[in-house]
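What you are looking at is a predicted structure, and each value in this text was computed from that prediction instead of being measured.
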Amino acid sequence: MTAKWYLIRHVPDLRRREPHNVGLVLQTPEGWLTKFVGQTDDGTIDGRHLPHKQISNTEVYKSWVSYYQRKASDHSWCDVATMQRRRTGNYVAEEGGELLDDPPSWQDALDRLFAELVATEVPNASPDRQEKPADVLLTRVQAVLEAARIVPERRVKVAARFAPNGHISEVPFRFKYVNGQAHLMDLGHEHVKPEQAAADARELRSRVEAARLAGSAQSFVTFYDSSLLDQDALEDVLLPLEEISYAVDVNSRPAAVRAMRELTEH
């Protein structure tokens with residue numbers, strides 16, 4: 001009997017491309033097995049046992065682990081390859097090869113591979129000291145705006161109308177930039193879990209539609225970071241926002257800077 005294994009790698013910086021091995025997925029004749037850095041016996045992740053110099057955001061890591069575990073358990077692993085072809089991310093699954101021997105158990109084979117290939121250093125830092133996803137995203141957005149030489153107004157309120165004949169109210173946006181026309185900008189998500197990220201996107205879409213209906217702006221920019229979201233959360237954020245705004249991925253700063261320059265220079 002043979003089994004196919006996949007190596008899960010984390011690439012903190014897509015420019016430097018220095019990956020770290022963080023997990024293994026094993027497809028056996030008896031089913032799928034997974035093992036990740038920081039994983040406990042019940043399959044959950046203990047943040048105290050993560051190498052925080054490499055994995056800076058525990059919640060994002062947990063979200064990706066959950067994604068890989070789910071795709072393995074429901075036999076939809078092909079979705080992983082499809083997702084990777086569509087978008088380059090900070091977590092990747094690489095096909096490693098096949099196990100041709102006959103181990104005492106497939107779990108033993110997984111444990112042996114894990115010991116050989118995956119680093120398991122225990123960090124000193126506490127996961128409680130990590131930045132919140134919204135803070136990480138906002139920092140990256142501000143870096144993009146600075147590099148693009150865009151100096152927006154911050155924390156603005158604009159007129160909004162939630163129905164064609166409704167009364168005028170106000171809604172907030174994090175940024176407003178005017179260069180012949182007004183561009184209203186905000187974070188597409190403040191959370192990383194799919195349900196919460198989707199709720200963030202729906203709430204922002206509501207504000208965008210209300211501001212547009214009131215004539216406050218016709219150009220809207222929503223920022224997201226693909227490195228902070230697993231595939232399910234990413235789709236839940238992008239689907240409601242790409243239809244009504246210009247969505248910019250700040251995971252790649254050079255690409256995001258070019259996108260913002262192209263948008264605001266016209």
- Task: Determine the interplanar angle of the Trp77 and Trp32 rings, folded into 0 to 90°, and report it as parallel if under 30°, tilted if 30 to 60°, perpendicular if over 60°.
- Result: tilted
* Asked: Under the ring pair (Phe, Tyr, Trp, His ring centres under 6.0 Å) criterion, do His10 and Tyr91 qualify, and how do the steps go?
  -> CA-CA 5 Å; His10 176 228; Tyr91 287 87; 4.4 Å; yes
Per salt bridge (charged side-chain N to carboxylate O under 4.0 Å, His left out), Glu209 is matched among Arg205, Arg207, Arg212 by Arg205
For the pair His183 and Tyr177, name the ring-plane relationship: parallel under 30°, tilted 30 to 60°, perpendicular over 60°. parallel
Note to self: Less than 4.5 Å apart, side chain to side chain, heavy atoms only: is that true for Phe162 and Ser169?
What the structure shows: yes
Is Glu146 salt-bridged to Arg140, going by a charged N under 4.0 Å from an acidic O?
no
*So does Arg258 pair up with Glu262, basic N to acidic O under 4.0 Å?*
no
query: Do NZ/NE/NH1/NH2 and the carboxylate oxygens of Glu59 and Lys62 come within less than 4.0 Å?
result: yes
CZ (Arg202) and CG (Asp236) are apart, to the nearest 0.5 Å, by 8.0 Å
In terms of heavy-atom contacts, Gly23 and Leu7 come closest through O-CD1, 3.6 Å
Taken to the nearest 0.5 Å, the spacing of Asn165 CG from His167 NE2 works out to 13.0 Å
### Query
Ignoring hydrogens and geometry, is there a side-chain-to-backbone donor-acceptor pair from Arg161 to Gly166 under 3.5 Å?
yes
| field | From CA spacing to verdict: ring pair (Phe, Tyr, Trp, His ring centres under 6.0 Å), Tyr61, Trp64 | value | CA-CA 5 Å; Tyr61 175 68; Trp64 275 101; over 10 Å; no
Would Leu187 and Thr222 satisfy side chain to side chain contact (heavy atoms under 4.5 Å, CB included), going step by step from the backbone distance to the final call? CA-CA 6 Å; Leu187 307 185; Thr222 54; over 6 Å; no
Looking only at heavy atoms, the pair that brings Leu26 and Trp5 closest together is CD1-CB, 3.6 Å
To the nearest 0.5 Å, atom CD of Glu195 lies from atom CG of Asp200 at 11.5 Å
- [ ] Answer with yes or no whether the hydrophobic clustering places Val178 together with Phe175; edges join I, L, V, M, F, W, Y residues whose side-chain heavy atoms lie under 4.5 Å apart.
- [x] no
*Donor-acceptor pair, side chain of Asn90 and main chain of Val11, under 3.5 angstrom*: yes
Original post:
What about Ile168 and Val208, same hydrophobic cluster or not, with Ile/Leu/Val/Met/Phe/Trp/Tyr joined at side-chain heavy-atom distances under 4.5 Å?
Top reply: no
In short, Ala211 meets Val158 closest at the heavy-atom pair CB-CG2, 4.1 Å
Output for pair (Leu204 CG, Ser245 OG), nearest 0.5 Å, gives 6.5 Å
When every non-hydrogen atom of His191 is compared with those of Ala197, the smallest separation belongs to O-CB, 3.7 Å
Within 6.0 angstrom of Lys193 NZ, more than 12 heavy atoms from elsewhere: no
Next on the checklist: Can a donor-acceptor pair be found, under 3.5 Å and without considering hydrogens, that links the side chain of Thr82 to the backbone of Cys78?
Outcome noted: yes
Correct closest heavy-atom pair for Tyr224 and Leu137 would be C-CD1, 3.8 Å
To the nearest 0.5 Å, atom NE2 of His189 lies from atom CD of Glu203 at 14.0 Å
CD (Gln27) and CG (Leu99) are apart, to the nearest 0.5 Å, by 11.5 Å
Side chains of Ser226 and Asp249 only: does a donor on one sit below 3.5 Å from an acceptor on the other? yes
Q | Asp108 backbone acceptor or donor facing Ser105 side chain under 3.5 Å | A | yes
When every non-hydrogen atom of Leu24 is compared with those of Val118, the smallest separation belongs to CG-CG2, 4.1 Å
Can you see whether Gln107 engages Asp111 through a side-chain donor-acceptor pair at a distance of less than 3.5 angstrom? yes
Item to complete: Mind telling me whether Tyr68 and Phe36 have parallel, tilted or perpendicular rings, with 30° and 60° as the class edges?
Response: parallel
